[in-house]
Number of protein chains: 4
Amino acid sequence: MALDKKNSQKYQLIIDAAVTVIADHGYHAAQVSKIAKEAGVADGTIYLYFKNKEDILVSLFRTKMGGFISAIEERMATCPNAEEKLRQIVHMHFNQFSAQPHLSVVMQLEMRQSARDLRLQINEVLKVYVHLMEDVIKSGKEEGTFSQNLDEKLGRQMLFGTLDEMVTNWVMKERKYDLRDLSKPAFEMLLGAFKSGSLSTDA
Amino acid sequence: MALDKKNSQKYQLIIDAAVTVIADHGYHAAQVSKIAKEAGVADGTIYLYFKNKEDILVSLFRTKMGGFISAIEERMATCPNAEEKLRQIVHMHFNQFSAQPHLSVVMQLEMRQSARDLRLQINEVLKVYVHLMEDVIKSGKEEGTFSQNLDEKLGRQMLFGTLDEMVTNWVMKERKYDLRDLSKPAFEMLLGAFKSGSLSTDA
Amino acid sequence: MALDKKNSQKYQLIIDAAVTVIADHGYHAAQVSKIAKEAGVADGTIYLYFKNKEDILVSLFRTKMGGFISAIEERMATCPNAEEKLRQIVHMHFNQFSAQPHLSVVMQLEMRQSARDLRLQINEVLKVYVHLMEDVIKSGKEEGTFSQNLDEKLGRQMLFGTLDEMVTNWVMKERKYDLRDLSKPAFEMLLGAFKSGSLSTDA
Amino acid sequence: MALDKKNSQKYQLIIDAAVTVIADHGYHAAQVSKIAKEAGVADGTIYLYFKNKEDILVSLFRTKMGGFISAIEERMATCPNAEEKLRQIVHMHFNQFSAQPHLSVVMQLEMRQSARDLRLQINEVLKVYVHLMEDVIKSGKEEGTFSQNLDEKLGRQMLFGTLDEMVTNWVMKERKYDLRDLSKPAFEMLLGAFKSGSLSTDA
DNA sequence: TATGAATGAGACTTCATTCAT
DNA sequence: AATGAATGAAGTCTCATTCAT
């Protein structure tokens with residue numbers, strides 16, 4: 001294709017405009033024309049870079065969340081063990097959202113209003129995160145740090161569910177407190193959960 | 001006497017029709033006319049019982065989730081201690097969704113697409129559930145079962161986030177496995193988390 | 001018909017309710033159900049006394065405007081000559097509207113929003129008034145008081161148009177001044193007009 | 001450059017289409033889609049040029065009645081005195097309506113069915129006409145042609161009321177006679193009225 | 001006579017997408 | 001590559017009227 005879309009300057013310009021518009025006006029009021037205006041291009045130009053409106057949103061998610069997850073992935077390599085990896089996931093999850101309030105609103109509140117099939121594509125992006133989490137749990141079990149009874153899938157669901165709920169609550173409370181302060185207690189609860197799987201079955 | 005709306009037979013009929021239509025066609029394709037047809041009434045009749053379309057959805061949530069939460073509340077009274085209460089919350093949360101697949105789809109996937117102000121009303125309904133969860137955690141700390149370091153709000157966020165994520169995953173996997181089987185391991189993880197708050201701080 | 005409609009108590013009750021509702025809420029917000037409520041009857045009862053909504057309005061106009069015109073007609077008999085008749089028409093037109101502010105709003109502003117065919121029926125009622133006015137002009141010409149060149153139809157159009165415009169202006173100014181004060185100057189202008197027809201033709 | 005709405009060709013096209021449709025089908029049957037079809041544009045295009053349906057009607061009135069009044073205003077400058085000005089107002093009022101039968105129906109019958117707030121905007125447009133009329137009367141008094149007792153506001157109400165009623169009658173009689181023939185007698189009656197104010201007060 | 005719950009047709013407006021320039 | 005005017009499908013809600021009780 002003549003246009004090297006993904007790397008063009010305008011591609012990013014439009015995605016950033018979408019984040020701004022959605023954060024400011026909400027998902028349903030984020031018309032293509034508003035995004036175009038914010039990006040400083042004509043409505044029609046959008047369609048030179050994106051297939052349709054949904055494609056803007058998927059790309060937004062892929063780009064932003066992708067970077068988000070990559071950063072965590074990279075950090076994983078530097079961690080000596082599963083416990084540290086878990087600590088870093090929690091730490092970075094909160095840190096990164098904390099650093100990008102606009103994006104937090106868009107990801108936690110607004111984009112969840114999207115139609116079912118957009119959500120399926122979002123899940124594709126999240127799959128990487130899911131695998132990453134499950135890998136950590138698996139290695140924790142292998143290391144003997146986490147309970148042998150810990151189910152990897154359920155553990156991951158608890159991990160993701162907990163982080164997600166905490167970020168959502170923080171966004172809904174209009175970010176009135178520091179999300180990063182939740183890092184330590186959240187990690188400790190999760191560690192307790194992952195270590196204890198066996199205890200209860202002993203009973 | 002004017003229509004005793006909330007208790008009339010048709011009120012429930014319409015809400016149940018809404019659940020069916022939303023589950024079958026998705027939130028955005030759930031036109032009022034479709035709901036009316038499913039309920040076997042005229043379009044205009046809907047507006048004798050509901051202020052507008054949003055009101056159908058709020059009422060749906062209030063009725064169904066309200067019953068859901070009430071059932072859990074009642075059960076709480078029969079539990080001797082916080083640990084048992086926690087077990088019952090997990091158990092009943094999964095059991096009730098498991099028993100109402102249609103409703104699960106509607107609550108976990110479709111209604112989250114609703115506009116922001118509808119979501120605010122939904123949150124009002126959920127507040128009762130939130131308080132119930134926090135009360136259990138508080139009593140667990142008083143009983144000495146849960147860690148003294150456990151933060152009630154964070155504990156509740158983990159509890160709700162975990163259950164919610166598990167139900168959502170189950171729904172997205174098209175309910176191919178038995179949700180009730182997750183009850184025991186989920187409870188054990190949560191119990192481990194709530195007991196351990198202190199452990200980590202010892203370190 | 002079993003029901004002696006026009007003379008029944010409820011017939012008038014409903015018409016008066018319509019006047020009140022239209023005056024208070026405006027023509028377009030005057031739903032049948034609102035009129036029924038104001039009259040203290042059920043919606044369906046309206047249809048025992050009136051063919052349809054338009055029939056309420058026509059009847060309203062016929063009853064109220066009919067009484068209005070009858071009063072003027074009766075007064076005519078007591079007038080010695082055309083000039084005095086003209087004076088009385090002006091006087092009573094203003095006096096009667098002045099005495100019924102609610103009705104003035106309904107007749108001058110609200111009912112003019114009615115559909116074309118309702119207006120045709122209204123014109124039927126007004127025909128009596130039109131004839132009365134033309135008769136006065138004719139007799140004025142016969143008496144020699146009014147110009148022989150005065151066209152009866154045009155004279156009547158001026159007479160009605162002038163009175164109507166003055167009442168409408170008064171209603172639109174929210175009746176902040178006394179309509180009856182316009183009686184004398186309006187009469188004098190009209191008399192001048194009717195006497196002068198000849199002057200201009202002399203030229 | 002953004003659409004130069006008011007001066008674009010389509011703006012006028014749509015307004016003219018509205019006149020045609022309203023004249024043919026009546027105010028209440030004049031749906032936006034019908035107007036769009038008559039104008040040969042898509043429904044949505046209407047909304048590029050007008051805020052909403054009411055805006056079409058207000059613009060219609062402003063444009064057409066505005067041109068109408070401007071033409072009279074210009075003619076005023078060429079008149080040597082108030083009597084001649086009065087003659088020209090009557091003459092042009094009838095002439096212009098006579099020349100635009102469609103528009104006459106719309107203005108005299110159909111647009112009066114409009115809701116109250118549209119009527120308020122219409123009155124704004126008419127204010128110019130009202131002032132013009134009152135200025136003529138004032139100058140007539142200064143010249144000594146009209147009675148010193150003539151009230152400007154009442155005189156204007158008679159003038160407008162008379163012209164308006166005559167045009168309305170003509171339209172309702174389906175324009176079976178030549179409106180312009182009324183010009184001379186109407187002027188003479190009005191002149192007689194305006195000159196005579198004093199006579200009656202002598203009495 | 002009276003009720004009032006139920007009916008169902010009908011229209012304005014938005015906004016993602018296209019395509020001639 | 002870029003523009004932006006034009007398109008047109010689609011859905012919520014109101015309210016006059018009916019009819020079983």
Side-chain angles (χ1 to χ4, degrees), chain A residues 1-5 8 10 28-37 39-56, chain B residues 1-5 8-10 28-37 39-56, chain C residues 1-3 5 8 10 28-37 40-56, chain D residues 1-5 8-10 28-37 39-56:
Chain A
M1 164 173 10
L3 204 49
D4 184 5
K5 291 204 232 166
S8 104
K10 268 185 187 159
H28 282 111
Q31 299 91 335
V32 171
S33 62
K34 222 178 251 170
I35 294 172
K37 196 172 191 180
V41 301
D43 293 17
T45 304
I46 299 269
Y47 291 87
L48 296 175
Y49 294 89
F50 298 90
K51 210 162 77 256
N52 50 34
K53 187 181 180 181
E54 183 176 304
D55 190 29
I56 306 177
Chain B
M1 174 176 51
L3 228 43
D4 183 6
K5 295 191 203 173
S8 97
Q9 191 187 11
K10 270 190 183 147
H28 283 110
Q31 299 95 328
V32 171
S33 61
K34 230 176 244 169
I35 296 172
K37 197 169 187 180
V41 301
D43 290 18
T45 304
I46 299 271
Y47 292 88
L48 294 177
Y49 295 88
F50 300 90
K51 216 167 65 257
N52 51 33
K53 186 180 178 182
E54 181 176 308
D55 190 29
I56 306 177
Chain C
M1 170 174 0
L3 204 51
K5 292 205 234 166
S8 103
K10 269 187 186 156
H28 282 110
Q31 298 92 335
V32 171
S33 61
K34 224 177 249 169
I35 295 172
K37 196 171 190 179
V41 301
D43 294 15
T45 305
I46 298 269
Y47 291 86
L48 296 175
Y49 295 88
F50 299 90
K51 210 163 77 255
N52 50 34
K53 186 181 180 181
E54 183 175 304
D55 190 29
I56 306 177
Chain D
M1 174 176 50
L3 230 42
D4 182 6
K5 296 191 205 173
S8 97
Q9 191 187 10
K10 271 189 183 148
H28 284 110
Q31 299 95 329
V32 171
S33 61
K34 228 178 245 171
I35 295 173
K37 197 170 190 181
V41 300
D43 292 16
T45 304
I46 299 269
Y47 292 87
L48 294 177
Y49 295 89
F50 299 91
K51 216 164 67 255
N52 49 36
K53 186 179 178 181
E54 180 176 308
D55 190 28
I56 306 177

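First the proteins, then the strands, lettered A, B, ... as listed; each starts at 1. Note that the structure is a prediction, hence the values are computed from the model and not measured.
Computed from coordinates, the A:Phe50 CZ to F:dA2 C1' distance equals 16 Å when rounded to whole Å. Rounded to whole Å, atom C1' of E:dT17 lies 14 Å from atom CD1 of A:Ile35. One interatomic measurement links the two molecules: CD of B:Gln9 to P of E:dA6, which rounds to 10 Å at whole-angstrom precision. In this structure, the CD1 atom of C:Ile46 is 12 Å from the C1' atom of F:dT17, given to the nearest Å.
Summary of the strand contacts: D:Lys10 and A:Lys10 both lie near DNA chain F, and taking for each the nucleotide with the nearest heavy atom, the more 5' one is attributed to A:Lys10. Comparing B:Ala30 and D:Gly40 along DNA chain F, the residue whose closest nucleotide (by nearest heavy atom) sits nearer the 5' end is D:Gly40.
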Protein N or O to nucleotides 13-15 of chain E N or O, pairs below 3.5 Å:
from: E:dT13; atom 1: OP2; to: D:Tyr47; atom 2: OH; distance (Å): 2.8
from: E:dT13; atom 1: OP2; to: D:Lys53; atom 2: N; distance (Å): 3.0
from: E:dC15; atom 1: OP1; to: A:Gln31; atom 2: NE2; distance (Å): 3.3
from: E:dC15; atom 1: OP2; to: A:Gln31; atom 2: NE2; distance (Å): 3.0

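In this structure, B:Tyr49 reaches the E:dA6 phosphate: one of its side-chain N or O atoms is under 4.0 Å from OP1 or OP2.
Taking a pair as Watson-Crick or G-U wobble with both distances under 3.5 Å, DNA chain F forms stems of 3 or more consecutive pairs at E:2-21 with F:2-21.
Of the inter-residue distances, the one linking A:Ile56 atom CD1 with A:Ile46 atom CD1 reads 4.5 Å to the nearest 0.5 angstrom.
Distance noted for atom P between E:dT1 and F:dT21: 22 Å (whole Å).
Closest non-hydrogen pair, B:His28 versus A:His28, comes out as NE2-NE2, 4.1 Å. Between D:Val32 and D:Tyr47, the shortest heavy-atom distance links the atoms CG2-OH, 3.7 Å. Residues C:Asp43 and C:Ala36 share a closest heavy-atom pair of OD1-CB, 3.6 Å.
Take C:Lys10 and apply the side chain to side chain donor-acceptor pair (under 3.5 Å) test, not counting sequence neighbours, and it matches no residue.
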